[in-house]
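Worth saying up front: this structure is predicted, and the values here are computed from it rather than measured. We count ligands from 1, going down the list as the structure has it; atoms in each ligand are counted the same way.
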Amino acid sequence: MKRLALLTSGGDAPGMNAAIRAIVLAGHYFGLDVIGYRHGFNGLLEQEYQTLMPSDVNNIIQRGGTILKSARCKAFTTEEGARQAADNLQQAGVDTLIIIGGDGSFRGAVHLSNFWSGSIIGLPGTIDNDINGTDATIGYYTAIDTALESIDKVRDTADAFERIFLIEVMGRHAGFIGLSAAVCSGAEQVLLPELYPNSQPDVEELVGHIQKAQQIRGKCSYIMVISENLWPGGATDLANQINARTGIDCRPVILGHVQRGGSPVSLDRMLASKLGAYAVEAALKGRTGIMIGECNQRMVEVPFEQTWNKPKELDPYLVRIQQEVFDLVKNSA
Ligand SMILES: Nc1ncnc2c1ncn2[C@@H]1O[C@H](COP(=O)(O)OP(=O)(O)O)[C@@H](O)[C@H]1O
Ligand SMILES: O=P(O)(O)OC[C@H]1O[C@](O)(COP(=O)(O)O)[C@@H](O)[C@@H]1O
């Protein structure tokens, strides 16, 4: 193994730069030539890459986003696209490719492996934490803190006006950010996709919960955290429906892409640093077709298919205490 390439793909996540740094430093430590493809899989198709020296990764550990840029790339998903990428990797003399991204990028890795015989290793990089085989993904911890900082601020004004707020958080189709943000902010209600696998929240029940909470505590602030893509029309539509049924002033806040940005928190920097260095060591041992994850403080090697073949489970204990113990309505029944 001589030439190591890396790229960041799909939604960017705070800590991707820390992973890039770790890979570049480990690569040079082991005497490898390291290059970075830019703009995700687009870079493979366009031969857009740069040499990465240790000096290129100075002072990036604290930066959000990704110095290599990220993208989604439709052209790569075709057979022609993957063949082109394989030819380009061959031409560039790359023998190992490290892909930092989410499950879509790992599907892309498997797609590429049908046409390219080099080693491919994945690192879980997504704020959504929706990847099996690792306790957390790079970016998840920062996204929780970012969401929390905003929810805490909303709570201040909600409390001052005794208002109801619906706060929509990201996660694509997973409720990890929603659950963590709800528990840590002391939200009165949380709506997650995992809690409604084949159904939708019932507006009457939601209204009933708000009304009971206000009977118990008197007029008070009330925060409902809702995962994106759960309610058609999102938090704005649900807030309108609650307003229409009750006349209660209910405001939506959509946190959106702010959750993807910001300086990574220490846990994300630590995770990214470990995963990045370990990925290079695994590559040197000839590993391929795997994601590197961390479970119970141990580095693990997970075949790509296992990262997406079933939905990752929320922590059932956290769900139970949020839904039962911390629910002021159930608690006072
Ligand atoms: N089933 C697939 N086959 C081949 N490539 C894929 C597949 N799914 C995703 N990709 C590639 O991976 C890129 C990133 O995937 P996406 O789902 O957008 O983000 P993430 O990796 O964060 O989940 C896509 O733009 C596409 O190029
Ligand atoms: O920025 P885009 O392309 O609108 O994508 C939004 C999606 O990306 C995410 O922020 C991150 O998702 P991925 O890491 O899987 O790409 C999701 O939470 C959100 O649904």
Side-chain angles (χ1 to χ4, degrees), residues 6-16 19 37-46 48 64-66 68-86 88 97-116 120-134 136-144 146-147 167-181 192-193 225-231 234-235 254-262 264 268 272 289 291 293 304-305 307-309 311-312:
L6 67 146
L7 59 84
T8 47
S9 165
D12 54 287
M16 280 184 164
Y37 282 95
R38 292 169 64 80
H39 302 110
F41 291 124
N42 290 285
L44 287 184
L45 298 184
E46 305 295 328
E48 192 197 356
T66 155
L68 290 176
K69 314 292 177 189
S70 194
R72 308 192 199 275
C73 177
K74 197 143 190 249
F76 174 77
T77 63
T78 62
E79 179 174 331
E80 202 192 336
R83 280 191 194 283
Q84 182 68 57
N88 290 347
L97 176 65
I98 299 180
I99 296 171
I100 309 168
D103 65 309
S105 302
F106 296 164
R107 286 172 215 263
V110 171
H111 176 57
L112 176 63
S113 69
N114 294 321
F115 306 95
W116 186 57
I120 311 181
I121 292 184
L123 295 190
T126 169
I127 62 166
D128 299 340
N129 193 32
D130 56 351
I131 296 183
N132 267 305
T134 186
T137 54
I138 297 166
Y140 170 55
Y141 293 118
T142 307
I144 299 170
T146 304
I167 303 188
E168 184 176 306
V169 296
M170 276 188 167
R172 202 180 284 276
H173 301 294
F176 292 92
I177 298 176
L179 177 61
S180 302
L192 311 169
V225 173
I226 170 171
S227 294
E228 64 172 349
N229 301 319
L230 171 60
W231 185 264
I254 296 163
L255 295 186
H257 288 81
V258 70
Q259 292 160 99
R260 285 237 296 260
D268 278 325
M291 175 197 79
F304 279 130
E305 282 81 359
T307 65
W308 72 71
N309 62 7
K312 184 174 182 177

Asks: Any atoms of ligand 1 less than 4.0 Å from a non-hydrogen atom of C73? List them with their elements.
Replies: 24 (C), 25 (O), 26 (C), 27 (O)
Asks: Can you sort out which atoms of ligand 1 are near G11, meaning under 4.0 Å from one of its heavy atoms?
Replies: 22 (O)
Asks: Could you tell me whether the side chain of S70 and the main chain of G11 form a donor-acceptor pair under 3.5 Å?
Replies: no
Asks: Do V169 and Q259 have side chains that get closer than 4.5 Å, going by heavy atoms?
Replies: yes
Asks: If you round to the nearest 0.5 Å, how far is CE of M16 from CD1 of I100?
Replies: 6.5 Å
Asks: Heavy atoms, side chains only, cut-off 4.5 Å: are T307 and P124 in contact?
Replies: no
Asks: Give a yes/no verdict on whether any heavy atom in T77 is under 4.0 Å from an atom of ligand 1.
Replies: yes
Asks: Considering only heavy atoms, does T126 approach ligand 1 within less than 4.0 Å through its side chain, its backbone, both, or neither?
Replies: neither
Asks: Identify the closest protein heavy atom to atom 18 (O) of ligand 1: which residue and atom is it, and at what distance?
Replies: R72 NH1, 2.8 Å
Asks: Tell me whether I127 has any N or O atom under 3.5 angstrom from an N or O of ligand 2.
Replies: no
Asks: Could you tell me whether E228 approaches ligand 2 through its side chain, its backbone, both or neither, with non-hydrogen atoms closer than 4.0 Å?
Replies: side chain
Asks: Counting distance only, does the side-chain N/O of H111 pair as donor-acceptor with the main-chain N or O of T77 below 3.5 Å?
Replies: yes
Asks: Between T126 and ligand 2, is there a nitrogen or oxygen pair with a distance under 3.5 Å?
Replies: yes
Asks: Counting N and O atoms only, with roles assigned by atom type, does the side chain of E228 sit under 3.5 Å from a partner on the main chain of G171, one being a donor and the other an acceptor?
Replies: yes
Asks: Heavy-atom contacts with M170 under 4.0 Å: which atoms of ligand 2 show up? List them by number with element.
Replies: 10 (O), 18 (O)
Asks: For ligand 2, which atoms have a heavy atom of H257 less than 4.0 angstrom away?
Replies: 1 (O), 2 (P), 4 (O)
Asks: Closest non-hydrogen protein atom to atom 2 (C) of ligand 1, residue and atom name please, with distance?
Replies: R107 CB, 3.6 Å
Asks: Numbering the atoms of ligand 1 from 1, which are under 4.0 Å from a heavy atom of S9?
Replies: 13 (C), 14 (C)
Asks: Tell me the contacting part of H111 for ligand 1: side chain, backbone, both, or neither, using a 4.0 Å heavy-atom threshold, strictly below.
Replies: side chain
Asks: Is F115 close to E79 at the side-chain level, that is, under 4.5 Å between some pair of heavy atoms?
Replies: yes
Asks: For D103, take its heavy atoms, then give the atoms of ligand 1 lying under 4.0 Å from any of them.
Replies: 23 (O)
Asks: Side-chain contact test, heavy atoms from C-beta onward, threshold under 4.5 Å: evaluate it for H173 versus D130 and give yes or no.
Replies: no
Asks: For atom 21 (O) of ligand 1, grab the closest protein heavy atom and report residue, atom and distance to one decimal in Å.
Replies: S105 OG, 2.5 Å
Asks: Identify the closest protein heavy atom to atom 2 (P) of ligand 2: which residue and atom is it, and at what distance?
Replies: R72 NH2, 3.5 Å
Asks: So do L6 and L123 actually touch side chain to side chain, heavy atoms under 4.5 Å?
Replies: no
Asks: Could you work out, for atom 12 (O) of ligand 1, the closest of G102, G104, A13 by heavy-atom distance?
Replies: G104
Asks: Say whether G11, considering both its backbone and side-chain N or O atoms, lies within less than 3.5 Å of an N or O atom on ligand 2.
Replies: yes
Asks: Within the structure provided, determine whether R260 and D12 are in side-chain contact (heavy-atom separation under 4.5 Å).
Replies: yes
Asks: Looking at every non-hydrogen atom in both residues, tell me the closest pair between G125 and A13 and how far apart they are.
Replies: C-CB, 4.1 Å
Asks: Is there side-chain contact between L97 and L7, with heavy atoms separated by less than 4.5 Å?
Replies: yes
Asks: Can you list the atoms of ligand 1 that are under 4.0 Å from a heavy atom of F41?
Replies: 11 (C), 12 (O), 27 (O)
Asks: From the options H173, R172, Q259, select the one whose nearest heavy atom is closest to atom 7 (C) of ligand 2.
Replies: R172
Asks: For atom 6 (C) of ligand 2, what's the nearest protein heavy-atom neighbour? Residue, atom name and distance, please.
Replies: R260 NH1, 3.7 Å
Asks: Which atoms form the tightest heavy-atom contact between M291 and I131, and what is the distance?
Replies: SD-CG2, 3.5 Å
Asks: Given D130, T137, V169, D128, which one has a non-hydrogen atom that is nearest to atom 17 (C) of ligand 2?
Replies: D128
